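A short worksheet on the structure shown next.
Quick caveat: nothing in here was measured; it's all calculated off a predicted structure.
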Amino acid sequence: MGSVTDFLLELRSEEIPARMQVKAKEDLARLFAQEIAKAGLAASAVETFASPRRLALVARGLPEQTSPVSEERKGPRSNAPEQAVAGFLRSTGLTRTQLVERDGLFFAVIDKPGRLTSSVLAEAVPAVVRAFPWPKSMRWGMRSHSTESLRWVRPLQGIVALFGDDVVPFAVDGIVSGAATMGHRFHHSGPITIGSAGDYVEKLRACHVIVHLSERAGLIRDGARVAAAAAGLLLVEDEGLVVENAGLTEWPVPLLGRFDPTFLDVPREVIQLTMRTNQKYFACTEESGELANAFVCTANITASDDGAAIVAGNRKVLAARLSDAKFFWEHDLKVPLAMQAEKLSQIVFHERLGTVADKVERVAKLARWLCEKGVVSGNVDFVAEAAQLCKADLVTGMVGEFPELQGIIGGHLARAQGLDDAVADAIRDHYKPIGQGDDIPTAPVTVAVSLADKLDSLAQFFKIDEGPTGSRDPFALRRAALGLIALIVGNNLRLSLSKMIAEAIDLDAQAVGSSALANQILSFLADRLKVQQREAGVRHDLIDAVFALGREDDLLRLLARVNALQALMATADGANLLAGYKRVANILKHADATDLHADAPGAMEPSESALLAAVDQAERYASSCVQSEDFEGAMTALASLRAPIDTFFEAVMVNDPDPVKRAFRLGLLTRFRDAVHRVADFSRIEG
């Protein structure tokens, strides 16, 4: 094998947004590998780098040239007209004597010599640059008048392309490749000449540029903790903020600053959101856990004054933002939440579902119903008050400025205005759980309001035929359904989904079974339950098998039954019982209905009497167990049918010529199927 060489590519531009850098590294590696693969090349390893001003790649172990290849192309038949053969020869560049004849066909064997890898790279890099999938890109300069001009995330300023220590010559939209790049914008002026891929990282480090995104993240993560600890504080860990700051700096230096402690009167979440979203600052806490009047910012330079001027500038900007927040908070405090709630009649919830005030009235009615029916044990008066005020903060100045804090601001205002803690907590947490991993509320008042809010959204949007379709879910109904299920299961709430849905769509509970809308919502919840339980390792077909009975809409009972069924299906008895059931179902599917349920013949075969006795016992025991919610016992009853059904099939022929015997045996199989169906619809189980 010939010698191998490393290739360095650096694409230097104006600032690349931090949020795009990780994906850009992946795209660069992928596109580069695809392009060189077209010439039969592959690197032994590829390493990528990203910083605000550069996207780079090192491809290791590339050969000096590609290997020769032999390509075979099938041509016309050997007795084809001369014109067809001549056309084939022109397309291949061969003469007739160079064609190979095989099985009555002409073949052209074209030998392609190896190419210099540098030539392949000179073609590959411009193709990668032009095909790069930036989420947003731009044209610039005089060439931008043409739609054929280069697009890049920000104006591309330079390209380094070195194969070994030689420049790979090419140009992209007038930008010529070379060996020179630039160091840190402030710490190093003038170009830097890179010798090869081997000295790229260290040469840039010497010029105050750390090209490894992960290394910059580590410096920020550790430096922020050290800065907080030096002030006797604890850092509020935020890995997303670490990565974002790493994408904003090439020479990160974490610095701690202080802000006016009077701002701590503003809710903690507002301060942290302001610092994180607007300023990219880390928050700090006292050892007690209370928020400290401190922040950690990430400078992009090592300052001669140890960062004093940088911290002062950041403190000034933060003070302006916190002053705005404090103004909104103090103004909102003066207006009782009940008065804010009156403004909800001016906000449209949905053009076909009325205002937010209408939504609140429905939620309050449902929440009270949940308490009155004993589903939730919360104080009815507190539940009613929390439901009436749960959306009131939508019209506050604070939520207008910080929409992410809806609910949270309402909870703070409720507490500050003297409302009961249970009411304040319910207002704060009624949107929960919002997504996977979110806390599931357990306080009764909160659970009642949260359940009612989600149930109302499901019922009302399905009522106007606005349920999710395909990947579209504009009203987040899948999330609402998952949240509703999590609340029920997480709080062990015993309730009938059918009755709950009937109440939500204002339908007589007795009519829910005949309501297409109620059944549609119930089916939707069943689908979401499968999604939620799949994460817990529960098979979706077993949920179907229990849900299909139509008599089970208490989620806790349903899941207990499903878990017991899954345990049975994991045993040999369960697998064999399922196989026996499938055989029974197939026989009964093709049986004449008039043959079923006939009287027993005068004398039964031992296997018939054994199966009959087993079915009688299993039926009674399974029914009793289901009634007492002993689902493991019910599954044990079913498992007892495995041996007698196997013996029955071995000993007798069901479709006996004797019509009396045939009718009895078919009736016996019907009894077996019905006994099984008391626990689950086995026809829905896969296997």
Worksheet item: Does NE2 belonging to His331 count more than 12 external heavy atoms closer than 6.0 Å?
Response: no

Item to complete: Can you see which heavy atom on Ala303 is nearest to which on Gly307, and at what distance?
Response: CB-N, 3.6 Å

Fill in: Pair Val311-Leu256, side chain to side chain contact (heavy atoms under 4.5 Å, CB included): steps then yes or no
CA-CA 7 Å; Val311 168; Leu256 183 133; over 6 Å; no

Worksheet, complete the sentence: Tightest non-hydrogen contact, residues Ala56 and Tyr200, listed as CB-OH, 3.5 Å

Worksheet entry | His212 side-chain N/O to Glu215 backbone N/O, donor-acceptor pair under 3.5 Å | no

Discussion item. Working note: Lys432 + Ile440, criterion side chain to side chain contact (heavy atoms under 4.5 Å, CB included); need CA distance, chi angles, decisive distance, verdict.
Written reply: CA-CA 6 Å; Lys432 293 183 176 181; Ile440 299 172; over 6 Å; no

Practice prompt. For Asn314 and Cys297, indicate whether the former's side chain and the latter's backbone hold a donor-acceptor pair under 3.5 Å.
Written response: no

Discussion item. How close do Lys391 and Leu344 get, counting heavy atoms only, and between which atoms?
Written reply: O-CD2, 3.5 Å

Worksheet item: Would you say the ring centroid of Phe259 lies under 6.0 angstrom from that of Tyr281?
Response: no

Worksheet entry | Working for salt bridge (Lys or Arg N to Asp or Glu O under 4.0 Å), residues Arg185 and Glu14 | CA-CA 11 Å; Arg185 191 184 293 278; Glu14 292 184 16; over 6 Å; no

Worksheet entry | From CG (Leu219) to CG (Asn245), nearest 0.5 Å | 12.0 Å

Worksheet item: Between atom CD of Gln436 and atom CG of Asp438, what is the distance when rounded to the nearest 0.5 Å?
Response: 11.0 Å

Worksheet item: Where do Glu239 and Arg221 land on the salt bridge (Lys or Arg N to Asp or Glu O under 4.0 Å) test, with the steps shown first?
Response: CA-CA 8 Å; Glu239 190 58 25; Arg221 190 183 299 112; 2.7 Å; yes

Fill in: Option passing side-chain contact (heavy atoms from CB on, under 4.5 Å) with Gln340 (candidates Val399, Val395, Asp393)
Val395

Worksheet item: Which pair of non-hydrogen atoms, one from Gln417 and one from Leu333, has the smallest distance, and what is that distance?
Response: NE2-O, 3.4 Å

Discussion item. Rounded at 0.5 Å granularity, tell me how far CD in Glu123 sits from CZ in Phe170.
Written reply: 11.5 Å

Worksheet entry | Intermediate values then yes/no, side chain to side chain contact (heavy atoms under 4.5 Å, CB included), Leu233 and Glu286 | CA-CA 5 Å; Leu233 303 173; Glu286 305 287 354; 3.4 Å; yes

Practice prompt. Taking the side chain as every heavy atom from C-beta outward, state whether Val266 and Leu322 have any pair of such atoms under 4.5 Å apart.
Written response: no

Worksheet item: Minimum heavy-atom separation for Ile408 to Glu269, with atom names?
Response: CG2-CD, 3.6 Å

Item to complete: Measure from the side-chain N and O atoms of Asp6 to the backbone N and O of Gly61, and report whether any donor-acceptor pair falls under 3.5 Å.
Response: yes

Worksheet item: Quick one: do the Ser457 and Lys359 side chains pair a donor with an acceptor below 3.5 Å?
Response: yes

Discussion item. In the structure I gave you, are the side-chain heavy atoms of Phe461 and Leu353 within less than 4.5 Å of one another anywhere?
Written reply: yes

Discussion item. Looking at every heavy atom in both Val296 and Leu235, which two are closest together, and how far apart are they?
Written reply: CG2-CD1, 4.1 Å

Worksheet entry | Test item: Leu121 and Phe7 side chains (from C-beta on) under 4.5 Å apart, heavy atoms | yes

Worksheet item: Just by distance, do the side chain of Lys25 and the backbone of Leu55 share a donor-acceptor pair under 3.5 Å?
Response: no

Worksheet item: Taking side chain as C-beta onward, heavy atoms only, is Phe282 less than 4.5 Å from Leu241?
Response: yes

Practice prompt. For the pair Glu244 and Arg19, find out whether any cationic side-chain nitrogen is under 4.0 Å from an anionic carboxylate oxygen.
Written response: no

Worksheet item: Is the side chain of Ser44 donor-acceptor paired with the backbone N or O of Arg60 at a distance under 3.5 Å, no angle test?
Response: yes

Worksheet item: Atom CG of Leu156 and atom OG of Ser137: how far apart are they, to the nearest 0.5 Å?
Response: 12.0 Å

Worksheet item: Do Asp425 and Arg428 sit within salt-bridge range, that is, some charged N less than 4.0 Å from a carboxylate O?
Response: yes

Worksheet, complete the sentence: Here the gap from Arg472 atom CZ to Glu466 atom CD, rounded to the nearest 0.5 Å, amounts to 7.5 Å

Worksheet item: Nearest 0.5 Å, what's the CD1-NZ distance between Ile485 and Lys454?
Response: 12.0 Å

Discussion item. Whether Glu10 and Arg54 form a salt bridge (side-chain N of Lys/Arg under 4.0 Å from carboxylate O of Asp/Glu) is what I want to check.
Written reply: yes

Discussion item. For the backbone of Pro468 and the side chain of Asp473, can you confirm whether one donor and one acceptor N or O come within less than 3.5 Å of each other?
Written reply: no

Worksheet item: Is Asp265 atom CG crowded by more than 12 heavy atoms from other residues, nucleotides or ligands, each under 6.0 Å away?
Response: yes

Item to complete: Would you mind reporting whether Arg415 and Asp421 have side-chain heavy atoms less than 4.5 Å apart?
Response: yes

Discussion item. Quick one, Met182 and Ser189 - any side-chain contact, counting heavy atoms below 4.5 Å?
Written reply: no

Discussion item. Does either side chain, that of Gln532 or that of Arg528, offer a donor lying less than 3.5 Å from an acceptor on the other one?
Written reply: no

Worksheet item: Under 3.5 Å, is there a donor-acceptor pair between the side chain of Asn491 and the main chain of Pro441?
Response: yes

Item to complete: Determine, for Arg205 against Glu250, whether the closest basic-nitrogen to carboxylate-oxygen distance falls under 4.0 angstrom.
Response: no

Worksheet entry | Test item: Asp456 side-chain N/O and Asp453 main-chain N/O as donor-acceptor pair under 3.5 Å | no

Discussion item. Is it the case that the side chain of Ser450 and the backbone of Thr446 share a donor-acceptor pair, with hydrogens and angles ignored and the cut-off at 3.5 Å?
Written reply: no

Practice prompt. Test side chain to side chain contact (heavy atoms under 4.5 Å, CB included) on Leu11 and Val129 and set out the steps.
Written response: CA-CA 9 Å; Leu11 302 166; Val129 172; 3.9 Å; yes

Practice prompt. Among Leu41, Thr5, Ile36, Val4, find the residue that satisfies the side-chain contact (heavy atoms from CB on, under 4.5 Å) test when tested with Thr117.
Written response: Leu41

Worksheet item: Do Phe402 and Phe328 have ring centroids that are under 6.0 Å from one another?
Response: no

Worksheet item: Would you find a donor on one side and an acceptor on the other, under 3.5 Å apart, between the side chain of His430 and the backbone of Val447?
Response: no

Discussion item. So that I know where these two stand, are Trp251 and His208 an aromatic pair - ring centroids less than 6.0 Å apart?
Written reply: yes

Worksheet entry | Close side-chain approach of Ser177 and Val167, heavy atoms under 4.5 Å | yes

Practice prompt. For the residue pair Asp527 and Leu529, establish whether any side-chain heavy-atom pair is separated by less than 4.5 Å.
Written response: no

